[in-house]
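Reading through the structure tokens given below for one structure.
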Amino acid sequence: MSYDKELIFAKELAQEAGEIMHRYFKSEDIGTEWKEDNTPLTVADIAINDLVIDRVKAEFPSHAVLGEESSFENDGDFVWVVDPIDGTVPFALGMPFSTFSLGLVNKKDGQPVVGVLYDPQLDSLYSVVKDGGAFLNDKPLKVTTNTTLIRGCVSVLSGNTTDETQYLKQGTCVDLVRAQGATALSLQSQAYCGVRVASGELVGSIFGYGAPWDVAATSLMVQEAGGIVTDLYGNPRRYDQFAAGSIHAPNQEVLSKLIEIVSKSAP
């Protein structure tokens with residue numbers, strides 16, 4: 001099945017979302033509020049999430065939308081999974097470590113088939129289609145060939161402290177990553193760091209929160225760039241519902257090391 005139409009749609013939507021992010025980045029009317037889980041919500045988050053729902057309804061009326069801020073349900077076979085701004089904390093602080101993330105997921109098996117991420121600060125548009133490769137501004141992505149964590153960088157990000165389901169202690173996980181001779185990054189944006197596993201800049205990513213919108217697009221990119229994606233325990237996961245976190249790795253050797261670290265970081 002061809003997803004050319006869906007990919008073009010997703011890329012154009014990402015550019016529109018990026019314009020909204022630029023509009024509110026470091027602006028006085030960013031309108032930051034606080035959600036029940038003590039995470040920030042800006043005017044830009046809401047505007048982009050609403051934009052995605054409106055565009056999907058107009059272009060693909062049989063598709064649903066699963067968004068971090070709001071959703072749209074129907075009985076079709078596909079759902080667009082969106083994080084309007086992954087990395088709202090740095091975005092609200094005026095720090096350029098956030099991205100728009102959008103993945104198209106087949107509801108029959110819960111697997112993504114199209115994905116885009118857009119970093120408007122660097123004008124970096126990542127795109128992917130199942131069995132069609134992953135790209136950064138139309139240049140192919142490839143995971144690192146490293147089979148150890150030594151001198152590599154690993155993204156580590158746990159869930160919110162108010163979340164009843166905690167899969168790992170972030171501090172313990174960071175210490176164990178460092179003990180393997182790697183640098184641990186915690187930039188408060190799984191999508192921002194996760195896609196850099198696909199590009200080979202990071203040797204791995206550990207995400208201890210189960211939200212699908214943080215990983216739907218990035219997971220497909222890692223896979224299409226030659227990497228491996230599992231939940232925190234090395235099992236397959238769906239991307240149209242919450243699950244037991246995610247691990248992004250370039251190969252089985254690194255995956256095994258990250259799973260072992262997670263197992264020692266349990267609450």
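Here the structure is a predicted model, which is why all the values come from computation and not from measurement. Computed from heavy atoms alone, side chains included, the values below leave out hydrogens, waters and symmetry copies.
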Query raised in the report: Once you round to the nearest 0.5 Å, how far does OG of S199 lie from CZ of F135?
Result: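 Between S199 OG and F135 CZ, I get 14.0 Å after rounding to 0.5 Å.
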Report task. To the nearest 0.5 angstrom, please state how far the OG atom of S205 sits from the NE2 atom of H248. Result ->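 Answer for the OG-NE2 pair, S205 versus H248, is 6.0 Å.
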Report task. Answer yes or no on whether K107 is positioned over the face of F78, meaning its NZ or CZ is under 6.0 Å from the six-membered ring centre and within 45° of the axis. Result ->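 Ring-cation test returns no.
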Query raised in the report: Is NZ or CZ of R23 both nearer than 6.0 Å to the six-membered ring centre of F25 and within 45° of the ring axis?
Result: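 Ring-cation test returns no.
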Salt-bridge present ([X], [Y]; N to O < 4.0 Å):
| X | Y | answer |
| --- | --- | --- |
| R55 | E16 | yes |
| K35 | E68 | yes |
| K169 | D175 | no |
| E260 | K264 | yes |
| K142 | E224 | no |

Query raised in the report: Does any donor atom in the side chain of D86 or T99 lie under 3.5 Å from an acceptor atom in the other side chain?
Result: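 Side-chain D/A pair, D86 to T99: absent.
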**Report entry** Distance-only donor-acceptor check, side chains Q190 and T218, under 3.5 Å
**Finding:**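 Short answer, no.
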Query raised in the report: Going by the angle between their ring planes, with limits at 30° and 60°, are F242 and W213 parallel, tilted or perpendicular?
Result: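 Perpendicular.
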Query raised in the report: Centroid-to-centroid, Y118 to F100, below 6.0 Å?
Result: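 That pair fails the under 6.0 Å test.
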Query raised in the report: Does the gap between the ring centers of F60 and F9 come in under 6.0 Å?
Result: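 Centroid distance F60-F9: below 6.0 Å, so yes.
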**Report entry** CA sep, side-chain torsions, deciding dist, call: E253, T147, side chain to side chain donor-acceptor pair (under 3.5 Å)
**Finding:** CA-CA 6 Å; E253 291 85 352; T147 56; 5.9 Å; no
**Report entry** Atom CG of N137 with >12 non-hydrogen neighbours under 6.0 angstrom
**Finding:**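 Yes, because the 6.0 Å sphere around CG of N137 holds more than 12 heavy atoms from other groups.
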